[in-house]
Student: 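One structure, pasted below without further comment.
The figures that follow rest on heavy atoms only: side chains count, while hydrogens, waters and symmetry mates do not.
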Amino acid sequence: DPPPAVEFEPPVACVRRILKNSLNSHTNVGKDSVTAFARAGGIFIIYLTACANDFARENRRQTITANDVLAAIKELDFDEFTPEMISFLEKYRESEKNKKNARAKAAAAAKAEEEEAAAAATAASTPSTEKQQGMDDEEEDDDDDDGEEEEASKEATPQSGKSGTKGDDDDDDDDDDDDDEEEDDVDNSMADHGEDEDDGREEEMDSNRDEEDMADESGDDDMEE
């Protein structure tokens with residue numbers, strides 16, 4: 001079965017623009033003429049495409065290239081269009097090359113700007129890092145000093161404790177001596193008090209004896225009388 005017929009017409013606005021640029025300003029084109037040109041242009045494009053596709057298949061390719069189109073133009077006996085089409089093709093390729101280079105330059109510039117921004121950010125953060133490092137070093141030095149002070153205080157603590165213990169022992173000995181002296185004073189006082197009491201008892205007993213003797217003498221005198 002033959003392939004279905006392809007209907008194609010370029011946009012009427014594009015056809016009108018082509019006609020305006022190709023003809024002089026005194027030539028007018030009717031609306032029906034623009035439609036006819038569009039229809040003829042579509043048929044010509046379909047026919048040229050089919051011929052170029054044949055050249056691509058002969059070369060065992062599935063993609064139609066610009067060389068296939070030029071060969072199809074020559075095959076259709078439109079050789080007079082070949083130089084103009086080659087010139088247009090060269091200009092098109094040069095334009096695409098320039099666009100590609102411009103995009104590459106823009107990408108390189110953007111990358112360079114990003115690298116500069118990153119370098120500037122790194123340079124800006126470097127002093128902060130050095131400052132933080134200095135603060136860390138100072139903190140480490142302070143920790144070392146605190147550790148040394150703690151060690152020194154630990155070493156001094158046993159000696160002071162020992163000294164304090166010795167002083168407490170001396171104070172305890174003095175307190176014991178004072179207690180012993182107080183006890184001796186109390187014992188001596190009690191002994192003296194006991195001796196005084198004994199002396200008082202002896203005096204009282206002597207007094208009683210004297211009274212008894214006096215009473216006996218008085219009784220003897222009375223009896224003699």
Student: Side-chain contact test, heavy atoms from C-beta onward, threshold under 4.5 Å: evaluate it for R16 versus V29 and give yes or no.
Tutor: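 They are not in contact (no side-chain heavy atoms under 4.5 Å apart), so the answer is no.
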Student: Of all heavy-atom pairs between A52 and I64, which one has the smallest distance, and what is that distance?
Tutor: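 Nearest pair, atom of A52 first, then I64: CB-CG2, 3.8 Å.
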Student: State, yes or no, whether a side-chain contact exists between E75 and D54 at a heavy-atom distance under 4.5 Å.
Tutor: no
Student: Taking atom types as modelled, find out whether N24 and T27 have a side-chain donor-acceptor pair closer than 3.5 angstrom.
Tutor: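 Looking only at side-chain atoms, T27 and N24 do form a donor-acceptor pair, the distance falling under 3.5 Å.
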Student: In residues 89-101, what donor-acceptor pairs under 3.5 Å come from side-chain atoms, sequence neighbours left out?
Tutor:
unit_1 : atom_1 : unit_2 : atom_2 : d
N98    : ND2    : E94    : O      : 3.2
N101   : ND2    : K97    : O      : 3.3

Student: State, to 0.1 Å, how close G41 and P10 come at their nearest heavy-atom pair, and which atoms those are.
Tutor: C-CD, 4.3 Å
Student: Under the ring pair (Phe, Tyr, Trp, His ring centres under 6.0 Å) definition, can you give me all pairs with a residue in residues 13-57, not counting sequence neighbours?
Tutor: F44-F78
Student: Where the side chain of N21 meets the backbone of R17, is there a donor-acceptor pair that is under 3.5 Å apart?
Tutor: yes
Student: Using modelled atom types and a 3.5 Å cut-off, is there a donor and acceptor pairing between side-chain atoms of T122 and backbone atoms of A118?
Tutor: yes
Student: Search all heavy atoms of T63 against all heavy atoms of D68 and return the closest pair with its distance.
Tutor: O-OD2, 3.8 Å
Student: With clusters defined by side-chain heavy atoms of hydrophobic residues (ILVMFWY) lying less than 4.5 Å apart, directly or transitively, does I86 cluster with I73?
Tutor: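 Shared cluster, yes.
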Student: Just wondering, more than 12 heavy atoms not from Q62 lying within 6.0 Å of its CD?
Tutor: no
